[in-house]
Amino acid sequence: DNHSAICISDTFRVVLQLNGMRYKSMTDNYEKEIQEAIEAGKKALSSLRKAQEYLDSARGWGIYDLIGGGLISTIVKHDRMDKARQYILNAKDDLRCFQKELADLNSINNINLDTQDVWGFADILFDGLIADMAMQNRINNARNDVDQAIRQVEGILSSLRLESEL
């Protein structure tokens with residue numbers, strides 16, 4: 001009968017509205033998770049770029065040290081390396097947070113920042129060409145690791161931004 005058809009129609013309309021609200025809620029939550037991941041990625045990128053900046057400075061001072069800069073250049077180089085180390089430690093923490101946010105999106109992206117311990121006192125104690133060259137090599141390796149992590153984070157952020165626009 002006509003009354004039953006209206007009730008079924010109204011019921012169907014209510015179910016559609018509820019499903020629409022549930023879908024909107026799910027998409028809003030997903031969008032929120034994407035934004036949280038983007039913010040975590042930006043924070044990691046900021047720490048990585050600061051580490052990169054100080055590693056570049058340490059590398060420059062290391063070159064000066066190699067051509068005979070002396071004790072002052074060694075001390076300044078180590079100061080830059082200490083600051084880079086702190087930003088690398090911050091970046092590792094930030095990358096862990098970023099990976100947790102990505103896991104909330106069921107996105108598995110392992111970003112590995114596995115810098116070696118480039119900070120030691122051998123360069124100051126045994127300030128000479130061989131120690132300076134070894135230190136310069138470690139600085140360059142750390143810089144390459146940071147560069148790779150930056151590229152990975154930038155790529156993931158780009159994907160997240162594209163997904164967010166859909």
Side-chain angles (χ1 to χ4, degrees), residues 27-166:
T27 56
D28 287 349
N29 189 44
Y30 189 71
E31 180 62 30
K32 179 179 170 255
E33 293 294 338
I34 288 176
Q35 291 308 315
E36 287 174 358
I38 288 172
E39 290 307 311
K42 287 167 135 181
K43 185 174 180 192
L45 203 51
S46 175
S47 294
L48 287 166
R49 286 190 174 135
K50 288 302 273 185
Q52 183 183 54
E53 177 185 322
Y54 281 105
L55 284 168
D56 283 345
S57 179
R59 183 170 46 189
W61 281 100
I63 291 169
Y64 181 61
D65 199 20
L66 278 170
I67 59 173
L71 185 60
I72 298 295
S73 63
T74 301
I75 291 170
V76 173
K77 174 180 64 177
H78 277 276
D79 174 66
R80 299 307 188 272
M81 290 167 52
D82 287 342
K83 288 177 177 154
R85 179 176 187 262
Q86 188 56 54
Y87 280 107
I88 287 171
L89 292 174
N90 292 347
K92 285 182 176 187
D93 288 341
D94 294 342
L95 287 170
R96 274 191 286 280
C97 291
F98 185 38
Q99 288 177 314
K100 285 179 188 174
E101 292 298 337
L102 292 173
D104 289 348
L105 294 168
N106 294 322
S107 175
I108 299 172
N109 290 286
N110 288 323
I111 306 161
N112 193 13
L113 182 59
D114 189 27
T115 57
Q116 302 166 353
D117 184 15
V118 297
W119 302 271
F121 293 99
D123 189 32
I124 292 175
L125 295 177
F126 306 109
D127 192 26
L129 185 61
I130 302 229
D132 290 345
M133 288 172 57
M135 184 61 64
Q136 195 68 13
N137 189 46
R138 287 184 287 219
I139 291 169
N140 287 332
N141 289 340
R143 177 64 162 78
N144 290 338
D145 290 344
V146 168
D147 286 349
Q148 182 178 355
I150 287 173
R151 283 190 302 275
Q152 286 180 296
V153 171
E154 286 175 337
I156 294 167
L157 283 174
S158 178
S159 296
L160 289 171
R161 287 180 182 119
L162 284 173
E163 193 170 338
S164 173
E165 291 172 4
L166 296 178

*Rounded to the nearest 0.5 Å, what's the gap from CG on Asp79 to OG1 on Thr74? Could you check?*
12.5 Å

*Spatial distance of atom CD1 (Ile38) from atom CG (Leu45) [nearest 0.5 Å]*: 12.5 Å

_Any Ile88 side-chain heavy atom under 4.5 Å of Leu48 side chain_ = no

_Do His78 and Ile75 have side chains that approach each other closer than 4.5 Å (heavy atoms only, starting at C-beta)?_
no

*Polar side-chain atom of Gln136 near backbone of Arg59 as donor-acceptor pair, under 3.5 Å*: yes

*Would you name the heavy atoms of Tyr54 and Arg80 that are closest together and state the gap between them?*
CB-O, 3.5 Å

*What heavy-atom pair brings Ala40 and Glu101 nearest, and what distance separates the two atoms?*
CB-CG, 3.9 Å

*Side-chain contact test, heavy atoms from C-beta onward, threshold under 4.5 Å: evaluate it for Leu95 versus Val153 and give yes or no.*
yes

_Test item: side-chain donor near acceptor, Asn90 and Gln86, under 3.5 Å_ = yes

*What is the distance from atom CD1 of Ile150 to atom CG of Asp145, rounded to the nearest 0.5 Å?*
11.0 Å

*Answer yes or no: is there an ion pair linking Arg49 with Glu154, defined by an N-O contact shorter than 4.0 Å?*
yes

*Could you please spell out the steps behind the side-chain contact (heavy atoms from CB on, under 4.5 Å) verdict for Leu160 and Leu102?*
CA-CA 9 Å; Leu160 289 171; Leu102 292 173; 3.9 Å; yes

_Donor-acceptor contact present, side-chain Asp65 to main-chain Trp61, <3.5 Å_ = no

*May I have the step-by-step check of side-chain contact (heavy atoms from CB on, under 4.5 Å) for Arg85 and Met81, ending in yes or no?*
CA-CA 6 Å; Arg85 179 176 187 262; Met81 290 167 52; over 6 Å; no

*side-chain hydrogen bond (donor to acceptor under 3.5 Å, both in side chains) assessment of Glu39 paired with Gln35*: CA-CA 6 Å; Glu39 290 307 311; Gln35 291 308 315; over 6 Å; no

*Distance from Ser47 atom OG to Phe98 atom CZ, nearest 0.5 Å?*
12.5 Å

*Step through the shown structure and confirm whether more than 12 heavy atoms of other residues, nucleotides or ligands are within 6.0 Å of CD1 on Ile72.*
no

*Just by distance, do the side chain of Ser57 and the backbone of Glu53 share a donor-acceptor pair under 3.5 Å?*
no

*Does the side chain of Gln152 pick up a donor-acceptor pair with the side chain of Gln148 at under 3.5 Å?*
no

*salt_bridge(Asp104, Lys100) N-O dist < 4.0 Å*: no

_Minimal non-hydrogen separation, Ser73 against Tyr64, with atom names_ = CB-CD2, 3.3 Å

*What pair of heavy atoms forms the shortest contact from Ala37 to Leu157, and how long is it?*
O-CD2, 4.4 Å

*asked:* Please determine whether salt bridge (Lys or Arg N to Asp or Glu O under 4.0 Å) holds for the pair Glu36 and Lys32, giving the CA-CA distance in whole Å, both sets of side-chain angles, and the decisive distance to 0.1 Å.
replied: CA-CA 6 Å; Glu36 287 174 358; Lys32 179 179 170 255; 3.2 Å; yes

